[in-house]
Amino acid sequence: MPELPEVETVRRSLERSVSGKTVSSVKVYHPKMIRGMEVAPFADALHQERIERVERRGKFLLFDFDRFYLVSHLRMEGKYFPYPQPVERDKHTHVVFRFTDGSELHYNDVRKFGTMELRDKETAMQTAPLAQLEREPFDPEFTAEVLAENLIRKKRSPIKTALLDQSIFLGLGNIYVDETLHAARVHPLTKAGALTLDDISRIHQAGVEVLRQAVEAGGSTIRSYVSPSGKGEFQLQLAVYGQKGEPCPRCGTAIEKIKVGGRGTHFCPTCQQVAL
DNA sequence: CAAAATGTTGCTGA
DNA sequence: ATCAGCAACATTTT
(Lines give C-alpha, C1' and ligand atoms only; values in the text may rest on other atoms or scores of the structure.)
Protein backbone atom coordinates (compact mmCIF):
# COMPACT_ATOMS: atom_id res chain seq x y z
CA MET A 1 0.00 0.00 0.00
CA PRO A 2 2.60 2.52 0.85
CA GLU A 3 5.09 4.82 -0.74
CA LEU A 4 7.12 7.27 1.27
CA PRO A 5 4.24 9.68 2.05
CA GLU A 6 1.98 6.91 3.33
CA VAL A 7 4.79 5.37 5.41
CA GLU A 8 5.63 8.78 6.86
CA THR A 9 1.97 9.25 7.76
CA VAL A 10 1.93 5.86 9.49
CA ARG A 11 5.19 6.74 11.27
CA ARG A 12 3.75 9.93 12.68
CA SER A 13 0.70 8.07 13.87
CA LEU A 14 2.81 5.35 15.53
CA GLU A 15 5.00 7.97 17.13
CA ARG A 16 1.90 9.20 18.92
CA SER A 17 0.33 5.80 19.68
CA VAL A 18 3.23 3.56 20.71
CA SER A 19 6.43 5.51 21.40
CA GLY A 20 7.39 5.28 25.06
CA LYS A 21 5.60 1.96 25.50
CA THR A 22 7.26 -1.23 26.77
CA VAL A 23 6.55 -4.62 25.17
CA SER A 24 5.17 -7.27 27.48
CA SER A 25 4.62 -9.93 24.81
CA VAL A 26 4.82 -10.50 21.06
CA LYS A 27 2.74 -13.10 19.24
CA VAL A 28 3.52 -14.06 15.66
CA TYR A 29 0.85 -15.85 13.65
CA HIS A 30 2.67 -15.87 10.31
CA PRO A 31 6.29 -16.92 10.97
CA LYS A 32 7.42 -16.39 7.34
CA MET A 33 7.25 -12.64 7.69
CA ILE A 34 9.92 -12.59 10.41
CA ARG A 35 13.24 -12.50 8.60
CA GLY A 36 16.74 -13.30 9.82
CA MET A 37 15.82 -15.30 12.91
CA GLU A 38 13.26 -17.72 14.25
CA VAL A 39 10.08 -16.48 15.83
CA ALA A 40 10.98 -17.52 19.39
CA PRO A 41 14.20 -15.48 19.67
CA PHE A 42 12.45 -12.61 17.90
CA ALA A 43 9.71 -12.48 20.51
CA ASP A 44 12.17 -13.06 23.37
CA ALA A 45 14.44 -10.24 22.23
CA LEU A 46 11.60 -7.73 22.32
CA HIS A 47 10.33 -8.72 25.77
CA GLN A 48 10.55 -5.73 28.13
CA GLU A 49 12.07 -3.57 25.38
CA ARG A 50 10.86 0.02 25.24
CA ILE A 51 10.06 1.88 22.01
CA GLU A 52 12.04 5.12 22.23
CA ARG A 53 10.62 6.47 19.01
CA VAL A 54 9.51 5.43 15.54
CA GLU A 55 11.64 6.44 12.58
CA ARG A 56 11.58 5.93 8.83
CA ARG A 57 14.13 5.18 6.11
CA GLY A 58 12.57 5.39 2.66
CA LYS A 59 9.58 3.06 2.84
CA PHE A 60 10.90 1.22 5.92
CA LEU A 61 9.61 1.86 9.42
CA LEU A 62 12.18 1.63 12.22
CA PHE A 63 10.92 1.00 15.72
CA ASP A 64 13.76 2.34 17.83
CA PHE A 65 14.01 -0.02 20.82
CA ASP A 66 16.58 0.06 23.63
CA ARG A 67 18.86 -2.50 21.99
CA PHE A 68 17.50 -2.98 18.45
CA TYR A 69 15.79 -1.50 15.50
CA LEU A 70 12.71 -3.42 14.46
CA VAL A 71 12.84 -2.87 10.71
CA SER A 72 9.36 -3.18 9.24
CA HIS A 73 8.30 -3.02 5.60
CA LEU A 74 4.61 -2.87 4.69
CA ARG A 75 5.12 -3.87 1.05
CA MET A 76 1.76 -3.67 -0.71
CA GLU A 77 -0.86 -3.90 2.02
CA GLY A 78 0.69 -3.91 5.49
CA LYS A 79 -1.07 -1.86 8.16
CA TYR A 80 -0.65 -1.13 11.86
CA PHE A 81 -3.68 -0.89 14.11
CA PRO A 82 -3.22 0.40 17.67
CA TYR A 83 -5.77 -0.51 20.33
CA PRO A 84 -6.05 0.84 23.89
CA GLN A 85 -7.33 -2.53 25.13
CA PRO A 86 -6.68 -6.14 24.02
CA VAL A 87 -8.89 -7.13 21.07
CA GLU A 88 -9.54 -10.29 19.11
CA ARG A 89 -7.21 -10.47 16.12
CA ASP A 90 -8.53 -10.20 12.58
CA LYS A 91 -7.84 -13.16 10.26
CA HIS A 92 -5.20 -11.05 8.45
CA THR A 93 -3.44 -9.89 11.62
CA HIS A 94 -0.05 -11.62 11.67
CA VAL A 95 1.77 -10.03 14.61
CA VAL A 96 0.34 -8.76 17.91
CA PHE A 97 2.45 -6.63 20.25
CA ARG A 98 1.09 -6.26 23.76
CA PHE A 99 2.42 -3.46 25.95
CA THR A 100 2.80 -3.21 29.71
CA ASP A 101 -0.01 -0.65 29.90
CA GLY A 102 -2.46 -3.20 28.44
CA SER A 103 -2.64 -1.64 24.99
CA GLU A 104 -1.86 -3.51 21.77
CA LEU A 105 -0.47 -2.94 18.30
CA HIS A 106 -1.66 -5.28 15.53
CA TYR A 107 0.18 -5.78 12.24
CA ASN A 108 -2.35 -6.66 9.54
CA ASP A 109 -1.48 -7.64 5.97
CA VAL A 110 -3.93 -9.32 3.59
CA ARG A 111 -1.31 -10.35 1.04
CA LYS A 112 1.37 -11.34 3.60
CA PHE A 113 4.10 -9.56 1.63
CA GLY A 114 5.31 -7.41 4.53
CA THR A 115 8.44 -8.22 6.52
CA MET A 116 9.92 -7.54 9.96
CA GLU A 117 13.43 -8.07 11.21
CA LEU A 118 15.56 -7.11 14.19
CA ARG A 119 18.89 -5.40 13.62
CA ASP A 120 21.56 -4.32 16.04
CA LYS A 121 21.46 -0.55 16.24
CA GLU A 122 25.16 -0.14 15.46
CA THR A 123 25.05 -2.08 12.20
CA ALA A 124 21.47 -1.51 11.06
CA MET A 125 22.32 1.10 8.44
CA GLN A 126 25.31 -0.85 7.08
CA THR A 127 23.44 -4.10 6.48
CA ALA A 128 20.54 -5.25 4.34
CA PRO A 129 17.83 -4.17 3.91
CA LEU A 130 18.77 -0.58 4.73
CA ALA A 131 22.30 -0.52 3.35
CA GLN A 132 21.96 0.34 -0.32
CA LEU A 133 19.13 2.87 -0.15
CA GLU A 134 19.72 6.32 -1.62
CA ARG A 135 19.69 9.21 0.90
CA GLU A 136 16.31 10.66 1.80
CA PRO A 137 14.68 12.73 -0.96
CA PHE A 138 14.34 15.73 1.37
CA ASP A 139 18.05 15.65 2.23
CA PRO A 140 19.66 18.72 0.62
CA GLU A 141 22.50 16.42 -0.47
CA PHE A 142 20.10 14.55 -2.74
CA THR A 143 20.58 16.83 -5.74
CA ALA A 144 19.77 16.56 -9.44
CA GLU A 145 23.46 15.77 -9.97
CA VAL A 146 23.21 12.82 -7.57
CA LEU A 147 20.12 11.58 -9.41
CA ALA A 148 21.90 11.94 -12.76
CA GLU A 149 24.82 9.94 -11.38
CA ASN A 150 22.49 7.21 -10.11
CA LEU A 151 20.67 6.99 -13.43
CA ILE A 152 23.87 6.05 -15.25
CA ARG A 153 23.50 2.62 -13.65
CA LYS A 154 20.08 2.25 -15.28
CA LYS A 155 20.75 3.94 -18.59
CA ARG A 156 19.15 1.18 -20.66
CA SER A 157 15.95 1.02 -18.60
CA PRO A 158 12.81 3.07 -19.11
CA ILE A 159 12.91 6.03 -16.71
CA LYS A 160 9.72 4.75 -15.10
CA THR A 161 11.43 1.51 -14.09
CA ALA A 162 14.63 3.27 -13.01
CA LEU A 163 12.78 5.62 -10.65
CA LEU A 164 11.13 2.71 -8.86
CA ASP A 165 14.59 1.47 -7.80
CA GLN A 166 15.12 2.58 -4.18
CA SER A 167 18.85 3.04 -4.75
CA ILE A 168 18.10 5.58 -7.51
CA PHE A 169 15.32 7.77 -6.03
CA LEU A 170 14.34 6.75 -2.51
CA GLY A 171 10.68 6.78 -1.57
CA LEU A 172 8.98 6.88 -4.96
CA GLY A 173 6.57 4.06 -5.88
CA ASN A 174 4.13 3.41 -8.66
CA ILE A 175 1.73 6.27 -7.93
CA TYR A 176 4.27 9.00 -7.33
CA VAL A 177 6.56 8.00 -10.19
CA ASP A 178 3.67 8.49 -12.61
CA GLU A 179 2.86 11.83 -10.98
CA THR A 180 6.52 12.87 -11.08
CA LEU A 181 6.99 12.06 -14.75
CA HIS A 182 3.81 13.91 -15.64
CA ALA A 183 4.90 16.99 -13.71
CA ALA A 184 8.34 16.81 -15.37
CA ARG A 185 6.79 16.22 -18.81
CA VAL A 186 8.85 13.10 -19.46
CA HIS A 187 7.43 10.02 -21.20
CA PRO A 188 7.70 6.94 -18.92
CA LEU A 189 9.27 4.81 -21.68
CA THR A 190 12.15 7.23 -22.27
CA LYS A 191 15.43 5.40 -21.75
CA ALA A 192 17.19 6.80 -18.69
CA GLY A 193 20.36 7.20 -20.75
CA ALA A 194 18.57 9.40 -23.30
CA LEU A 195 17.59 12.07 -20.76
CA THR A 196 19.24 15.47 -20.80
CA LEU A 197 20.50 17.02 -17.59
CA ASP A 198 17.58 19.42 -17.89
CA ASP A 199 15.13 16.49 -18.02
CA ILE A 200 16.77 14.98 -14.95
CA SER A 201 16.64 18.29 -13.11
CA ARG A 202 12.91 18.57 -13.77
CA ILE A 203 12.38 14.96 -12.64
CA HIS A 204 14.36 15.60 -9.47
CA GLN A 205 12.50 18.78 -8.67
CA ALA A 206 9.10 17.26 -9.48
CA GLY A 207 9.74 14.07 -7.52
CA VAL A 208 10.81 15.86 -4.36
CA GLU A 209 7.89 18.27 -4.65
CA VAL A 210 5.30 15.52 -5.27
CA LEU A 211 6.54 13.61 -2.22
CA ARG A 212 6.57 16.77 -0.11
CA GLN A 213 3.01 17.68 -1.03
CA ALA A 214 1.79 14.11 -0.52
CA VAL A 215 3.36 13.96 2.96
CA GLU A 216 1.67 17.25 3.75
CA ALA A 217 -1.68 15.82 2.63
CA GLY A 218 -1.22 12.70 4.78
CA GLY A 219 -0.61 10.36 1.82
CA SER A 220 -3.11 9.04 -0.69
CA THR A 221 -6.13 6.95 0.27
CA ILE A 222 -6.43 4.43 -2.56
CA ARG A 223 -7.71 0.88 -2.57
CA SER A 224 -6.67 -0.77 0.66
CA TYR A 225 -4.73 2.06 2.23
CA VAL A 226 -6.41 4.03 4.98
CA SER A 227 -4.35 6.52 6.92
CA PRO A 228 -4.42 5.90 10.66
CA SER A 229 -5.90 9.31 11.35
CA GLY A 230 -8.52 8.92 8.65
CA LYS A 231 -6.85 11.65 6.63
CA GLY A 232 -4.82 10.96 3.50
CA GLU A 233 -6.19 13.34 0.95
CA PHE A 234 -3.53 13.42 -1.72
CA GLN A 235 -5.55 11.21 -4.07
CA LEU A 236 -7.63 14.31 -4.72
CA GLN A 237 -4.58 15.91 -6.30
CA LEU A 238 -3.50 13.03 -8.52
CA ALA A 239 -3.05 14.23 -12.08
CA VAL A 240 -2.58 10.89 -13.84
CA TYR A 241 -2.55 7.88 -11.49
CA GLY A 242 -5.88 6.08 -11.75
CA GLN A 243 -7.10 8.77 -14.16
CA LYS A 244 -7.21 6.70 -17.38
CA GLY A 245 -9.57 8.41 -19.84
CA GLU A 246 -9.87 11.52 -17.67
CA PRO A 247 -8.61 14.84 -19.02
CA CYS A 248 -5.04 15.87 -18.28
CA PRO A 249 -5.24 18.80 -15.82
CA ARG A 250 -2.66 20.68 -17.87
CA CYS A 251 -3.84 20.20 -21.46
CA GLY A 252 -7.13 18.28 -21.39
CA THR A 253 -5.92 15.29 -23.40
CA ALA A 254 -7.27 11.94 -22.18
CA ILE A 255 -4.81 10.17 -19.86
CA GLU A 256 -3.57 6.86 -21.22
CA LYS A 257 -2.60 3.72 -19.35
CA ILE A 258 0.11 1.33 -20.52
CA LYS A 259 2.30 -1.36 -18.94
CA VAL A 260 5.93 -0.55 -18.17
CA GLY A 261 8.13 -3.06 -16.40
CA GLY A 262 5.02 -4.97 -15.43
CA ARG A 263 3.46 -2.00 -13.68
CA GLY A 264 0.38 -0.03 -14.67
CA THR A 265 1.64 3.31 -15.98
CA HIS A 266 -0.40 6.47 -16.54
CA PHE A 267 0.65 9.43 -18.66
CA CYS A 268 -0.54 12.26 -20.87
CA PRO A 269 0.32 11.55 -24.52
CA THR A 270 0.43 15.28 -25.26
CA CYS A 271 2.45 16.61 -22.31
CA GLN A 272 4.78 13.62 -22.14
CA GLN A 273 6.34 13.10 -25.54
CA VAL A 274 7.92 9.82 -26.54
CA ALA A 275 11.67 10.07 -26.82
CA LEU A 276 13.27 6.64 -26.78
C1' DC B 1 -12.59 -16.15 -15.10
C1' DA B 2 -8.53 -13.30 -16.17
C1' DA B 3 -6.28 -9.33 -14.70
C1' DA B 4 -4.68 -6.10 -11.62
C1' DA B 5 -3.49 -4.09 -7.18
C1' DT B 6 0.74 1.99 -3.35
C1' DG B 7 6.68 -3.59 -3.53
C1' DT B 8 10.83 -6.14 -3.53
C1' DT B 9 13.80 -9.98 -4.75
C1' DG B 10 15.78 -13.78 -6.87
C1' DC B 11 16.43 -16.16 -11.05
C1' DT B 12 17.43 -16.33 -16.14
C1' DG B 13 19.35 -15.14 -20.27
C1' DA B 14 21.79 -11.71 -22.90
C1' DA C 1 30.28 -9.63 -14.58
C1' DT C 2 26.46 -6.58 -15.25
C1' DC C 3 22.07 -5.82 -16.13
C1' DA C 4 17.28 -5.88 -18.06
C1' DG C 5 13.10 -8.60 -17.72
C1' DC C 6 10.01 -11.32 -15.39
C1' DA C 7 8.06 -14.86 -12.25
C1' DA C 8 7.13 -15.29 -7.52
C1' DC C 9 5.19 -14.08 -3.11
C1' DA C 10 -0.83 -14.39 -1.43
C1' DT C 11 -5.24 -12.46 -1.44
C1' DT C 12 -8.99 -9.65 -2.84
C1' DT C 13 -11.47 -7.08 -6.10
C1' DT C 14 -13.11 -5.76 -10.68
Side-chain angles (χ1 to χ4, degrees), chain A residues 1-11 29-36 56-61 71-80 90-94 107-117 128-134 150-181 188-194 207 210-211 213-215 217-228 232-245 257-266 276:
Chain A
M1 85 186 179
E3 301 178 36
L4 184 150
E6 291 73 35
V7 177
E8 175 61 17
T9 301
V10 171
R11 185 199 70 76
Y29 299 92
H30 182 62
K32 270 188 71 175
M33 71 168 292
I34 309 301
R35 304 302 170 89
R56 180 188 57 72
R57 270 290 285 144
K59 303 175 189 174
F60 288 89
L61 287 166
V71 181
S72 166
H73 200 298
L74 279 37
R75 293 290 179 96
M76 296 291 264
E77 308 219 28
K79 300 166 192 61
Y80 280 101
D90 174 270
K91 76 187 259 208
H92 299 303
T93 288
H94 308 308
Y107 176 77
N108 186 287
D109 187 344
V110 167
R111 289 170 77 177
K112 301 179 181 165
F113 285 178
T115 61
M116 288 184 195
E117 64 187 293
L130 302 180
Q132 79 280 25
L133 301 176
E134 179 50 280
N150 292 345
L151 284 173
I152 293 171
R153 278 185 284 123
K154 290 277 177 185
K155 56 180 182 296
R156 290 165 35 191
S157 291
I159 184 61
K160 156 88 184 214
T161 306
L163 291 176
L164 287 172
D165 185 323
Q166 300 298 290
S167 70
I168 304 283
F169 197 136
L170 184 60
L172 289 180
N174 205 38
I175 295 176
Y176 299 118
V177 164
D178 284 3
E179 295 298 312
T180 295
L181 290 174
L189 285 174
T190 310
K191 294 282 184 280
V210 162
L211 289 174
Q213 288 183 17
V215 167
S220 299
T221 301
I222 289 181
R223 296 177 63 84
S224 65
Y225 174 76
V226 187
S227 94
E233 297 286 319
F234 192 77
Q235 70 280 7
L236 301 174
Q237 301 175 49
L238 295 174
V240 290
Y241 185 85
Q243 306 301 309
K244 177 184 176 186
K257 183 178 180 186
I258 59 174
K259 191 82 92 171
V260 180
R263 310 299 301 275
T265 298
H266 313 71
L276 305 178

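Per chain, numbering begins at 1; letters A, B, ... match sequence-line order.
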- Message: Using the six-membered base ring of C/dC9, report whether A/Phe113 stacks on it, requiring centroids under 5.5 Å and planes under 30° apart.
- Response: yes
How close or far is atom [atom2] of [N] from atom [atom1] of [X], stated in whole angstroms?
X	N	atom1	atom2	result
A/Gln166	B/dG7	CD	C1'	8 Å
A/Lys257	B/dA5	NZ	P	4 Å
A/Phe169	B/dG7	CZ	C1'	17 Å
A/Lys59	B/dT9	NZ	P	11 Å
A/Leu164	B/dT8	CG	C1'	11 Å
A/Arg153	C/dT2	CZ	C1'	12 Å
A/Glu77	C/dT12	CD	C1'	7 Å
A/Gln132	B/dG7	CD	P	17 Å

- Quick one: does A/Gln166's side chain have a donor or acceptor within less than 3.5 Å of a partner on A/Gly58's backbone? no
- Message: Whether the side chain of A/Asn150 engages the backbone of A/Phe169 through a donor-acceptor N/O pair (distance < 3.5 Å, no angle test) should be reported.
- Response: no
Please determine whether a side-chain nitrogen or oxygen atom of [X] lies at a distance below 4.0 Å from atom OP1 or OP2 of [N].
X	N	value
A/His30	C/dA10	no
A/Lys155	C/dA4	no
A/His73	B/dG7	no

Can you tell which of [options] lies closest to the side chain of [X]?
X	options	value
A/Lys32	C/dA4, C/dC9, C/dT12	C/dC9
A/Arg111	C/dG5, C/dA10, B/dT8	C/dA10
A/Arg156	C/dA4, C/dT11, B/dG7	C/dA4
A/Pro158	B/dG7, C/dT11, C/dG5	C/dG5
A/Ser157	B/dT9, C/dA4, C/dT11	C/dA4
A/Lys259	B/dA4, C/dT12, C/dG5	B/dA4
A/Lys112	C/dT11, C/dT12, B/dA4	C/dT11

- Message: Can you give me the closest heavy-atom contact between A/Pro2 and A/Leu74, atom names plus distance?
- Response: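 Minimum heavy-atom contact is CG-CB, 3.6 Å.
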- Return the minimal non-hydrogen interatomic distance between A/Arg75 and A/Thr115, and the atom names on each side.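 Scanning both residues, the minimum pair turns out to be NH2-CG2, 4.3 Å.
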- Given A/His266, which of A/Leu238, A/Ile258, A/Asp178 fulfils the side-chain contact (heavy atoms from CB on, under 4.5 Å) condition?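 Of all the options given, the one that passes is A/Asp178.
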Distance between the [atom1] atoms of [N] and [M], in whole angstroms?
N	M	atom1	answer
C/dA4	B/dA5	C1'	24 Å
B/dT9	C/dT12	C1'	23 Å
C/dA10	B/dC11	P	16 Å

- For B/dT12, the Watson-Crick or wobble counterpart (both distances under 3.5 Å):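 Across all strands, the one nucleotide that pairs with B/dT12 is C/dA4.
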- Nearest nucleotide by nearest heavy atom, which residue falls closer to the 5' end of DNA chain C, A/Lys91 or A/Ile152? A/Ile152
- Query: How is A/Gly262 classified with respect to the nucleic acid when contacts are heavy atoms under 4.0 Å: base, sugar-phosphate, or nothing?
  - Reply: nothing
- Consider only side-chain N and O atoms of A/Ser72 and A/Tyr80, and report whether a donor and an acceptor are under 3.5 Å apart.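 A donor-acceptor contact under 3.5 Å links the two side chains.
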